[in-house]
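Numbering of ligands and ligand atoms starts at 1, following listing order.
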Amino acid sequence: MDYVSTRGQAPRLSFEEAMLTGLARDGGLYVPETVPTLSHADIAAMAGLPYEEIAFRVMRPFAGNTFTDSEFGEIIEKSYAGFGHAARAPLKQLGPNHHLLELFHGPTLAFKDFAMQLIGQMFQVSLSRRSDRVTIVGATSGDTGSAAIEAFRGLDAVDVFIMFPNGRVSEVQRRQMTTPSESNVHALAIEGSFDTCQARLKDMFNNLEFRDAVKLAGVNSINWARVLAQVVYYFSAATSLGAPHRSVSFTVPTGNFGDIFAGYIAKKMGLPIDRLVIATNHNDILDRAMKTARYDTGQVLPSISPSMDIQVSSNFERALFDAYGRDGAAVRAVMDDLKDGGFQISQGAMGYLQDHFDSGRCDEDATSAAIAHALEHTGELLCPHSAIGYAVAEANLGASPMVTLATAHPAKFPDAVEAATNIRPPLPPRMADLYERPERLTELPNDLGQLQSLIKDKIAS
Ligand SMILES: *Cc1c(COP(=O)(O)O)cnc(C)c1O
């Protein structure tokens, strides 16, 4: 199976190369040339299987010959062994036709662990086979960074640098990034927003000289392997609720469009998904785009759901690629316009997007109200991101069962949860000493040159 760039001008790569590379050399994102499909019988056979077994069946066709079956099975086993729940992604019923998919039982308490743990194990097998090493640089609004550091800490073939917006991540998120003591872990607090961090990351990837000199590898949600890992829980949830014999809908709290794009891939693989609902906070570029056909970046406003504080939604490019009939030149043209602040989505592309996605937004007050409402009516304490999903899902309930993705544990965002409910959610016992561990970080201005020289210095030492 080959991977092609959404901008049509980068070399085709194998799964392994696409995974190790991240962003394509033409600035685009890698997507599979064709999406493999599973039959009705294949999907029916998944009901009741362990998560790891479903993961193997869903992801195997995408990985080509990068791993043998036994290597791949072992990678999956190791990836989820550290999770705090036997079901890995348990479903909980919230109402007559509304279910919560709990994606926060991994080591850093957010759904990012599903992909990052898998990527860590895949990088380890692949790099040690090649006797190679790489420098991973990531940009995070909080959860990707902590998940990446957790997945790569102590691996000798990898240095990991994570940029996060200084002062704009929660204390738990920051501490998960700054307390690991391994010398291959580097937490960088950057002046600016998540979009600033993401822009500098793209600059580094587009600086081919720097990129090659440090063997840059990306694990942001632009990395195809991340998206792939997230396809799995759409299958586990839907088959638990009766798919493929009935269809299921999903509402997904969205920032960079990675998680919901994984749902779209599940649908393309043959999973009967009725509706895929995008849920945004007041940084609502995606909801506006779906309603107005204008994709215009605004200023990023801080919120109580910081992992969704994004106005340039990277993975949306993958959806645009399909919406524009897989025409790389058309994607290049709109991405060029984006440099000037925005673009108009063509009528044909808009029709395609509206066939596949619905959307809704939730402002700050509505988010707090949703946290309180969920507690009162279901007894569940939701993190603010999950609460946005909950509120938007409640407005979109229909005939098919609705599954809302709970993307983080409430204890990761205790201030927002406490403000809404007067209850301060405790950390699970396995990480209760997080507030006592010493922190280590480097503060930096928004300056590409300084960033690049710091990275070069650290990996040389
Ligand atoms: C990353 C994240 C999101 C947004 O996910 P995308 O894949 O970027 O859309 C939502 N909630 C939480 C808790 C996250 O960490």
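- Checked by distance only, ligand 1 and Gln230 stay at 3.5 Å or farther apart across all their nitrogen or oxygen atoms.
- Aromatic ring pairs are classed by plane angle as parallel below 30°, tilted from 30° to 60° and perpendicular above 60°; the pair Phe83 and Tyr80 is perpendicular.
- Atoms of ligand 1 lying under 4.0 Å from at least one heavy atom of Pro253, given by number and element, are 4 (C), 10 (C).
- Of all atoms in ligand 1, numbered sequentially from 1 with element shown, those under 4.0 Å from a heavy atom of Lys112 are 1 (C), 2 (C), 3 (C), 14 (C), 15 (O).
- Looking from atom 11 (N) of ligand 1 to the surrounding protein, the closest heavy atom is Thr407 OG1, 2.8 Å.
- Partner Ser170 forms a side chain to side chain contact (heavy atoms under 4.5 Å, CB included) with one of Arg174, Gln173, Arg168 and no other, that one being Gln173.
- In summary, the side chains of Ser400 and Ser247 do not present any donor paired with an acceptor at a separation below 3.5 Å, with no hydrogens or angles considered.
- Tested against Phe257, the residues Ile285, Ile278, Ile310, Val252 include a single side chain to side chain contact (heavy atoms under 4.5 Å, CB included) partner, Ile278.
- Backbone and side-chain nitrogen or oxygen atoms of Asp143 are examined, and one is located within less than 3.5 angstrom of a nitrogen or oxygen of ligand 1.
- For Asn256 and Asn315, the side-chain atoms include no donor-acceptor pair closer than 3.5 Å.
- Near Asn256, the atoms of ligand 1 lying under 4.0 angstrom from a non-hydrogen atom of the residue are 6 (P), 8 (O), 9 (O).
- In this structure, atom 9 (O) of ligand 1 lies nearest to the protein heavy atom Gly255 N, 2.8 Å.
- Ring pair Phe316/Phe357: centre-to-centre distance not below 6.0 Å.
- For Phe111, every heavy-atom contact with ligand 1 shorter than 4.0 Å involves the side chain, none the backbone.
- With a 4.0 Å cut-off on non-hydrogen atoms, Met308 touches ligand 1 through its side chain and not its backbone.
- Close approach of ligand 1 to Asp259 is summarised as follows: ligand atoms under 4.0 Å from at least one heavy atom of the residue are 7 (O).
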Between Glu16 and Thr66, does the side chain to side chain donor-acceptor pair (under 3.5 Å) criterion hold? Intermediate values first, please.
CA-CA 6 Å; Glu16 181 171 33; Thr66 298; 4.8 Å; no
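- Set against the non-hydrogen atoms of Thr254, the atoms of ligand 1 under 4.0 Å away are 9 (O).
- Heavy-atom proximity to Gly258, at under 4.0 Å, picks out these atoms of ligand 1: 6 (P), 7 (O), 9 (O).
- Judged by distance alone, the side chains of Thr280 and Asp287 never bring a donor and an acceptor atom under 3.5 Å apart.
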